[in-house]
Amino acid sequence: MDEIHESNITMPAKVKGCSNMPDFQLPTANIGRIMKLALPPNAKISKEAKETMQDCACRVHMLITGEASVKQTLFGDDICHAMKSLGLDEYAIATNRYLQKYREHYEKPEASKNTSPIQIDVRDQFSVYSRINQHT
């Protein structure tokens, strides 16, 4: 299999570019909303910046799922383990906490009657968000 080497990380060649893989891309509107969370309210984000972040998100997604895909069906715990093995400990911890809260919510007997989606905010688990909140 062809491989490329970027920043001391070996990735399958298919990760090289995500622009031709729309199935793995988040919509640019969602990318823009996420980016705005870390910027001042009056900041503008160019289309090129959103597309660049979209490509980065796709690469990270494929890198993590590629690391986790030792079996055909992936579970949340597999993703957390892959994040840890890639050195993304902070994200693995936050994702694991999200999974715990998600499971707690849906294991409750009344949860089977509730069809509305659950909203769990784990942004405070990431140091980048805690730094942003300190400045506001």
Side-chain angles (χ1 to χ4, degrees):
M1 178 202 276
D2 294 337
E3 291 183 341
I4 57 173
H5 301 278
E6 293 180 8
S7 305
N8 298 326
I9 298 174
T10 303
M11 298 184 287
K14 66 181 179 180
V15 179
K16 187 175 181 184
C18 291
S19 60
N20 61 347
M21 296 185 207
D23 292 345
F24 293 102
Q25 291 181 336
L26 293 170
T28 52
N30 292 4
I31 297 286
R33 276 189 230 109
I34 293 167
M35 291 172 74
K36 284 185 178 197
L37 291 173
L39 297 172
N42 58 347
K44 303 280 186 207
I45 304 170
S46 71
K47 181 181 177 185
E48 183 181 53
K50 290 177 190 175
E51 288 172 351
T52 300
M53 290 304 296
Q54 183 183 44
D55 188 58
C56 290
C58 177
R59 290 171 187 242
V60 169
H61 172 251
M62 292 187 70
L63 182 65
I64 291 170
T65 54
E67 179 72 22
S69 65
V70 290
K71 50 189 175 183
Q72 191 166 356
T73 303
L74 295 178
F75 296 97
D77 296 322
D78 300 323
I79 299 299
C80 292
H81 179 72
M83 287 178 175
K84 285 180 185 175
S85 68
L86 290 168
L88 302 170
D89 296 339
E90 186 176 354
Y91 297 100
I93 291 167
T95 303
N96 198 10
R97 287 192 180 135
Y98 171 85
L99 278 171
Q100 288 172 345
K101 290 178 182 182
Y102 180 86
R103 288 172 179 153
E104 287 169 9
H105 174 78
Y106 283 105
E107 286 175 358
K108 295 177 185 173
E110 64 271 10
S112 61
K113 299 174 191 169
N114 186 4
T115 57
S116 63
I118 182 175
Q119 215 172 12
I120 301 171
D121 189 358
V122 292
R123 287 180 286 182
D124 61 330
Q125 304 298 317
F126 297 108
S127 59
V128 67
Y129 284 107
S130 60
R131 285 192 301 267
I132 291 168
N133 291 336
Q134 290 172 356
H135 296 293
T136 57

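This structure is a prediction, so every number in the text was calculated from the model and none was measured. Note that these values count all heavy atoms, side chains included, but never hydrogens, waters or copies made by symmetry.
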Notebook entry, point to check: Roughly how far apart are M62 CE and T65 OG1, rounded to 0.5 Å?
Noted result: 6.5 Å
Note to self: Among residues at least two apart in sequence or on other chains, which ones pass salt bridge (Lys or Arg N to Asp or Glu O under 4.0 Å) with D77?
What the structure shows: R103
Item checked: Spacing of CD1 belonging to I31 relative to CD1 belonging to I34, to within rounding of 0.5 Å -> 5.5 Å
Item checked: Interatomic distance, E90 atom CD to T95 atom OG1 [nearest 0.5 angstrom] -> 10.5 Å
Item checked: Least distance between heavy atoms, C80 atom then A92 atom -> O-CB, 3.6 Å
Checklist line | Atom pair NE2 (H81) and CD (E67), whose distance is rounded to the nearest 0.5 Å | finding: 7.5 Å
Check: To the nearest 0.5 Å, what is the distance between CE (M83) and CD1 (I64)?
Finding: 4.0 Å
Next item on the list: With side-chain contact (heavy atoms from CB on, under 4.5 Å) as the test, would you mind laying out the steps for R33 and N30 before giving the verdict?
Entry: CA-CA 5 Å; R33 276 189 230 109; N30 292 4; 2.8 Å; yes
Check: Do L99 and I79 have side chains that get closer than 4.5 Å, going by heavy atoms?
Finding: no
Listed pairs under 3.5 Å, donor-acceptor, residues 38-47 side chains, sequence neighbours left out:
from: S46; atom 1: OG; to: A49; atom 2: N; distance (Å): 3.0

Notebook entry, point to check: When rounded to the nearest 0.5 angstrom, what is the spacing between NZ in K84 and CG in N96?
Noted result: 6.0 Å
Note to self: Using the rule that Ile, Leu, Val, Met, Phe, Trp and Tyr join whenever any side-chain heavy atoms are under 4.5 Å apart, tell me whether Y91 and L74 fall into a single cluster.
What the structure shows: yes
Check: Got a donor-acceptor contact below 3.5 angstrom from the Q54 side chain to the L26 backbone?
Finding: yes
Checklist line | side chain to side chain donor-acceptor pair (under 3.5 Å) involving T52 - partner list, sequence neighbours excluded | finding: none
